[in-house]
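Some notes on the structure that comes next.
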There are 2 protein chains.
Amino acid sequence: MSIQPLIAHFESYIPLKESEKQLLDGRVTQRQIKRKQAILQEGFPCRHYTFIVEGCFRMYAIDKKGTEHNLQFSAEQDWIADIGSFHAGRPSALFIEAIEPAVVLQIEKQDLYFLYTNIPKLDRIFKVIVENKYVELQNRVLQSISSTAQERYLTFLDQYPKLALRLPNTQIASYLGITPEFLSKIRKDIAS
Amino acid sequence: MSIQPLIAHFESYIPLKESEKQLLDGRVTQRQIKRKQAILQEGFPCRHYTFIVEGCFRMYAIDKKGTEHNLQFSAEQDWIADIGSFHAGRPSALFIEAIEPAVVLQIEKQDLYFLYTNIPKLDRIFKVIVENKYVELQNRVLQSISSTAQERYLTFLDQYPKLALRLPNTQIASYLGITPEFLSKIRKDIAS
DNA sequence: AAATAAGCTTAAACTAGGTTAAGTCCGACG
DNA sequence: CGTCGGACTTAACCTAGTTTAAGCTTATTT
């Protein structure tokens with residue numbers, strides 16, 4: 001059990017002192033997740049910030065009609081959590097599920113708050129992480145109000161080429177906000 | 001010229017010491033902005049974090065066809081900036097423009113970085129601010145991939161009732177990712 | 001190895017939303 | 001005081017994306 005990947009991740013932003021690394025140990029839990037296993041389910045509060053060491057997750061919501069909508073994919077060296085639910089302790093409206101078998105490092109709320117207090121630079125690091133994720137999401141919103149489905153698909157391929165190979169098209173369609181059938185048509189059009 | 005509204009804003013998260021408030025003074029600039037005046041234009045780096053004391057702004061992009069797309073509205077006690085461009089110093093793809101005459105408090109990059117270093121709790125405060133904005137944006141993405149235009153319009157009215165009264169419908173349509181004509185049709189359907 | 005489920009594609013009929021164009025109703029400005 | 005441009009609407013026609021349903025292929029489970 002090693003929290004090394006997490007330390008490396010933090011240090012890609014700001015180097016940590018030995019004493020700070022030691023604080024991390026014991027506040028971080030490693031877990032193995034099976035394919036299709038959920039680490040968050042609608043109706044339950046999100047209890048962890050999850051850092052992905054290996055594997056791939058999707059975050060999705062289910063609407064009244066029972067259709068799933070993928071909000072986000074996350075893979076190695078990335079975080080996944082329902083931030084709103086996590087901090088407020090409120091029941092989440094979202095699911096988080098492994099698409100591939102995965103290894104993750106998880107931090108519980110009380111531990112994260114302890115770490116924020118005792119390693120002040122973590123405030124800075126997570127500020128930057130969330131800022132970057134904010135910019136990414138903003139670009140996605142811009143695309144969604146200004147581009148056709150085909151343009152959005154091409155952007156997705158361009159932006160996440162590795163992910164696109166690992167994911168079934170059904171999941172990609174759900175992420176783009178279109179039906180699998182229509183994605184199929186788009187792919188046909190592009191090919192010709 | 002008072003930075004009091006900004007101090008009050010920060011203190012709604014964490015109280016500041018007198019010495020910290022003094023550091024803010026001199027690093028924050030007040031400006032009056034006229035209706036339709038731009039504080040950021042495509043092609044220029046975003047030089048300021050802008051805190052709105054009074055008035056209302058929109059952030060938008062212009063696509064190849066020349067159509068404007070509103071990404072975001074911000075009003076009193078809210079921030080507006082192209083975060084990506086601000087930190088990277090890269091030319092922005094966005095415009096930020098006053099919808100109403102406005103009073104703002106602006107912080108330049110070097111000053112913000114100085115403040116982050118000398119008032120460590122600002123890292124925490126901005127982390128929380130960006131987290132909240134991230135959650136908001138995530139909800140918007142979810143809506144955009146899962147709801148019809150009518151549902152999105154009703155949610156907008158529900159979520160920003162005051163803003164809805166201050167904004168021309170043209171601007172709201174652009175924010176929702178639909179044409180003004182179609183919004184008009186939606187409004188007619190809702191009324192009946 | 002068989003059974004079953006999950007994923008991809010095609011196609012026809014349909015609906016949400018866009019386009020074009022014309023007309024009305026202001027508020028801004030000379 | 002007139003007129004000019006911006007904001008809102010209506011309506012006819014058009015297109016991007018959905019629905020339903022079927023058939024085919026590739027994984028996963030037993």
Side-chain angles (χ1 to χ4, degrees), chain A residues 33-38 55-56 58 60 62-70 73 95 97-102 143-157 163-192, chain B residues 34-38 56 58 60 62-70 73 97-101 143-157 163-192:
Chain A
I33 314 289
K34 291 183 207 138
R35 201 175 103 91
K36 301 217 173 172
Q37 187 181 339
C56 178
R58 69 186 178 111
Y60 64 97
I62 299 187
D63 66 23
K64 330 96 208 170
K65 288 183 190 157
T67 309
E68 297 180 2
H69 301 279
N70 286 337
F73 300 118
F95 297 80
E97 187 185 283
I99 293 179
E100 307 169 352
Q143 274 252 327
S144 80
I145 62 176
S146 67
S147 304
T148 63
Q150 172 162 334
E151 288 166 333
R152 279 179 276 142
Y153 178 57
L154 291 172
T155 303
F156 178 80
L157 291 183
L163 216 48
L165 295 173
R166 292 163 78 174
L167 294 171
N169 287 329
T170 321
Q171 300 292 352
I172 297 175
S174 164
Y175 176 89
L176 296 173
I178 58 176
T179 58
E181 291 83 357
F182 190 55
L183 177 53
S184 189
K185 197 189 284 185
I186 288 173
R187 287 162 53 80
K188 191 181 164 193
D189 290 351
I190 291 172
S192 66
Chain B
K34 291 181 206 142
R35 201 174 103 92
K36 300 216 174 176
Q37 185 180 340
C56 178
R58 70 186 178 111
Y60 63 97
I62 300 187
D63 66 23
K64 330 95 207 166
K65 290 184 190 156
T67 311
E68 296 180 3
H69 301 279
N70 287 336
F73 299 118
E97 186 185 283
I99 293 179
E100 306 170 351
Q143 275 251 327
S144 80
I145 62 176
S146 68
S147 304
T148 63
Q150 173 163 336
E151 288 166 333
R152 280 179 275 141
Y153 178 58
L154 290 172
T155 303
F156 177 81
L157 291 184
L163 215 47
L165 296 174
R166 291 163 79 174
L167 294 171
N169 287 328
T170 321
Q171 300 292 350
I172 297 175
S174 165
Y175 176 90
L176 296 173
I178 59 176
T179 58
E181 292 84 356
F182 190 55
L183 177 54
S184 189
K185 199 190 282 185
I186 288 172
R187 288 162 53 79
K188 191 181 164 192
D189 290 352
I190 291 172
S192 68

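FYI, side chains are in, hydrogens and waters are out, and symmetry mates aren't considered; it's all heavy atoms of this structure.
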[Y] backbone acceptor or donor facing [X] side chain under 3.5 Å:
{"X": "A:Ser144", "Y": "B:Ile145", "result": "no"}
{"X": "A:Asn70", "Y": "A:Gln171", "result": "yes"}
{"X": "B:Thr155", "Y": "B:Glu151", "result": "yes"}

Out of curiosity, [X] [atom1] to [Y] [atom2], how far, rounded to the nearest 0.5 Å?
{"X": "B:Gln150", "Y": "B:Asp189", "atom1": "CD", "atom2": "CG", "value": "6.0 Å"}
{"X": "A:Gln37", "Y": "A:Ile99", "atom1": "CD", "atom2": "CD1", "value": "14.0 Å"}
{"X": "A:Arg58", "Y": "A:Glu100", "atom1": "CZ", "atom2": "CD", "value": "13.0 Å"}

Does the side-chain contact (heavy atoms from CB on, under 4.5 Å) test come out yes or no for B:Leu163 and B:Cys56, once each step is laid out? CA-CA 9 Å; B:Leu163 215 47; B:Cys56 178; 3.8 Å; yes
More than 12 heavy atoms of other residues, nucleotides or ligands under 6.0 Å from NZ of B:Lys64: is that the case?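 It does: B:Lys64 NZ has more than 12 such atoms within range.
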Would you say CZ of B:Arg35 has more than 12 non-hydrogen atoms from neighbouring residues, nucleotides or ligands within 6.0 angstrom?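 At most 12 heavy atoms, drawn from other residues, nucleotides or ligands, come within 6.0 Å of this atom.
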Return the minimal non-hydrogen interatomic distance between B:Ile186 and B:Ala149, and the atom names on each side.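 Nearest pair, atom of B:Ile186 first, then B:Ala149: CD1-CB, 3.7 Å.
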Got a sec? Which of residues 165-172 of chain B come in under 4.0 Å of DNA chain D, heavy atoms?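 Going residue by residue through residues 165-172 of chain B, the ones with a heavy atom under 4.0 Å of DNA chain D turn out to be B:Pro168, B:Asn169, B:Thr170.
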What is the separation between atom [atom1] on [X] and atom [atom2] on [N], rounded to the nearest whole Å?
{"X": "A:Asp189", "N": "C:dT9", "atom1": "CG", "atom2": "P", "value": "12 Å"}
{"X": "A:Tyr153", "N": "D:dA16", "atom1": "OH", "atom2": "P", "value": "19 Å"}
{"X": "A:Lys34", "N": "D:dT29", "atom1": "NZ", "atom2": "C1'", "value": "14 Å"}
{"X": "A:Leu176", "N": "D:dA16", "atom1": "CG", "atom2": "P", "value": "17 Å"}

N or O in side chain of B:Arg187 less than 4.0 angstrom from D:dT9 OP1/OP2: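 For D:dT9, OP1/OP2 do have a side-chain N/O of B:Arg187 under 4.0 Å.
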Check: A:Arg187/A:Tyr153 side-chain N/O donor and acceptor closer than 3.5 Å: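 Present: a donor and an acceptor within the cut-off.
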Please write out each protein N/O paired with an N/O of nucleotides 17-25 of chain D under 3.5 Å, distance rounded to 0.1 Å.
residue	atom	partner	partner atom	Å
D:dG17	OP1	A:Ala149	N	3.2
D:dT18	OP2	A:Thr179	N	3.2
D:dT18	OP2	A:Thr179	OG1	3.2

Based on the rotation axes of five pairs at each end, what angle does the helix from C:dT9-D:dA22 to C:dA22-D:dT9 bend through, to 10°?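 Both end axes considered, the difference amounts to 30°.
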